[in-house]
Amino acid sequence: MKKISFAILTLSVFFAASVFAQTDSLSDPDASNIGNDSARQALREVSVERFEREGSWNVHISPDYGVISGRLFDGSPAAKEELNDPNNKQAEDTKVLGVKVEFFRRGKNEFYITSARPIPIEGVTKTVSVWACGRNMGHQLWLLVQDYNGNNFEIWMGSLEFSGWKKITAAIPPSPDGEHGIVQQSVYHGDKPGLRIVGFRVDCNPMEARGSFYMYLDDMRAVTDLYDLENRDEDDMMDNW
């Protein structure tokens, strides 16, 4: 996994300044300002995963660290806003994914929450958000993604040190040159989804990784730029042969 954190941001400091200059904070990124080098944008908020299907998510921890289990529960964050998408209004949204970790001992532990198969997002993804409940523990949540070229990256989403439900949002850093970083589009294969969600990793605070830890996830969404897809000519050929 390649970490999209200080290394990438330092390498493209001037580029990042233009990306986040108009953003209130990195914890609440403005999708319209991410990679905004053209007025040609068609931003849409889309549903990525509602955590409604049993067996669609796997959990894993090293057997040296502890025991982990995951299952669905009835419920939903009360503060969650309705998705403004007619195609998704009828979709079922009554469950959340619960994860329980029973640590053997305190230490530098980590565990994974991964989709049974990577989830593709059409267009150029600007932000990914998920509702999380982390029981006010100082563990760190990372988003695991796969780019257009099949390269894997980790994007820091935030700390779970808060009470109750909270919507956590991560900005997807655009590639500075189309060759390095997270590459989401290419002139060679324009119809292929640019980003795939692999899952999450939780890095545990060594001082708090003891006993039992419970966390819950719900309603993962993305803000994506669908300009190229929505403005593709109907008579244009598909480069998939």
Side-chain angles (χ1 to χ4, degrees), residues 1-9 26-27 48-73 75 95-121 125 128-147 149-173 181-182 195-220 222:
M1 288 283 185
K2 302 176 184 177
K3 290 191 176 181
I4 299 300
S5 55
F6 296 107
I8 291 296
L9 295 178
L26 291 179
S27 62
V48 178
E49 173 65 18
R50 296 175 185 262
F51 301 98
E52 297 293 314
R53 296 172 297 172
E54 290 281 1
S56 58
W57 286 83
N58 303 314
V59 292
H60 172 75
I61 190 172
S62 169
D64 295 330
Y65 297 162
V67 177
I68 190 170
S69 57
R71 51 165 292 195
L72 298 181
F73 291 89
K95 297 184 181 299
V96 303
L97 175 66
V99 179
K100 176 184 178 181
V101 182
E102 298 173 87
F103 296 106
F104 291 154
R105 65 186 67 84
R106 277 196 310 204
K108 190 175 174 62
N109 306 326
E110 62 185 24
F111 61 89
Y112 293 85
I113 307 167
T114 57
S115 176
R117 58 180 59 183
I119 306 172
I121 305 176
T125 304
V128 175
S129 65
V130 66
W131 281 87
C133 179
R135 293 295 181 252
N136 204 21
M137 293 289 184
H139 308 319
Q140 305 296 314
L141 181 66
W142 291 78
L143 177 69
L144 309 180
V145 301
Q146 191 177 80
D147 76 350
N149 294 319
N151 296 319
N152 294 310
F153 295 88
E154 306 169 350
I155 302 173
W156 182 71
M157 296 200 75
S159 171
L160 298 175
E161 198 169 6
F162 53 83
S163 298
W165 286 100
K166 179 182 177 181
K167 182 181 179 181
I168 305 178
T169 305
I172 307 300
I182 300 179
L195 194 74
R196 291 173 173 81
I197 303 297
V198 176
F200 304 92
R201 191 187 77 232
V202 177
D203 290 345
C204 302
N205 185 321
M207 298 304 296
E208 298 180 348
R210 60 188 179 87
S212 296
F213 169 65
Y214 299 84
M215 69 173 292
Y216 303 88
L217 297 173
D218 190 34
D219 197 25
M220 180 162 47

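Since we're looking at a predicted model, the values are computed, not measured.
Closest heavy-atom contact between F103 and R210: CD1-N, 3.5 Å. Listed here is the closest heavy atom pair of S56 and E49: OG-OE2, 4.1 Å. Between G55 and A116, the shortest heavy-atom distance links the atoms O-CB, 4.1 Å. Residues F51 and L72 share a closest heavy-atom pair of O-CD2, 3.6 Å. Taking every heavy atom of both residues into account, S212 and K100 meet most closely at OG-CE, 4.3 Å. Taking every heavy atom of both residues into account, P118 and R196 meet most closely at CB-CB, 3.9 Å.
Counting only heavy atoms from C-beta outward, the side chains of F111 and V59 never approach each other to under 4.5 Å. Proximity of I168 to S129: side-chain heavy atoms (C-beta onward) are nowhere separated by under 4.5 Å. Between F104 and D64 there is no side-chain heavy-atom pair separated by less than 4.5 Å. Proximity of V130 to F200: side-chain heavy atoms (C-beta onward) are separated by under 4.5 Å at one or more points. Side-chain contact between I113 and L97: present, with at least one pair of heavy atoms (C-beta onward) separated by less than 4.5 Å. Put simply, the side chain of I172 reaches to within 4.5 Å of the side chain of V128, judged on heavy atoms.
For R135 (side chain) and L160 (main-chain N/O), no donor-acceptor pair under 3.5 Å exists by modelled atom type. Side-chain atoms of N136 come within 3.5 Å of backbone atoms of F162 as a donor-acceptor pair (strictly under, hydrogens ignored). In this structure, N149 contributes its side chain and N151 its backbone to no donor-acceptor pair below 3.5 Å.
The only member of Q140, M137, M215 that meets side chain to side chain contact (heavy atoms under 4.5 Å, CB included) when paired with V202 is M215.
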- Task: Check the pair I155, V145 against side chain to side chain contact (heavy atoms under 4.5 Å, CB included), reporting the backbone distance first and the verdict last.
- Result: CA-CA 8 Å; I155 302 173; V145 301; 4.1 Å; yes
- Starting from the C-alpha separation in whole Å, work towards a yes-or-no answer on side chain to side chain contact (heavy atoms under 4.5 Å, CB included) for L217 and W57. CA-CA 11 Å; L217 297 173; W57 286 83; over 6 Å; no
- Task: Report the C-alpha distance between I197 and I121 in whole Å, list the side-chain angles of each, state the deciding distance to 0.1 Å, and finish with yes or no for side chain to side chain contact (heavy atoms under 4.5 Å, CB included).
- Result: CA-CA 8 Å; I197 303 297; I121 305 176; 3.8 Å; yes
- Begin from the C-alpha positions of F73 and Y216 and carry the test side chain to side chain contact (heavy atoms under 4.5 Å, CB included) through to its verdict. CA-CA 9 Å; F73 291 89; Y216 303 88; 4.1 Å; yes
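Separation of the F213 and H139 ring centroids falls under the 6.0 Å cut-off.
F153 contributes atom CZ, which lies 5.5 Å from atom CD1 of I182 (distance to the nearest 0.5 angstrom). Separating the CE atom in M157 from the CG atom in L144 is a distance of 10.5 Å, to the nearest 0.5 Å. Between atom CG of residue D218 and atom NZ of residue K167 there is a gap of 12.0 Å, rounded to the nearest 0.5 Å. Here the straight-line distance linking atom OH of Y65 with atom NE2 of H60 works out to 9.5 Å at 0.5 Å rounding. Atom OH of Y112 and atom CD1 of I68 lie 11.5 Å apart (nearest 0.5 Å).
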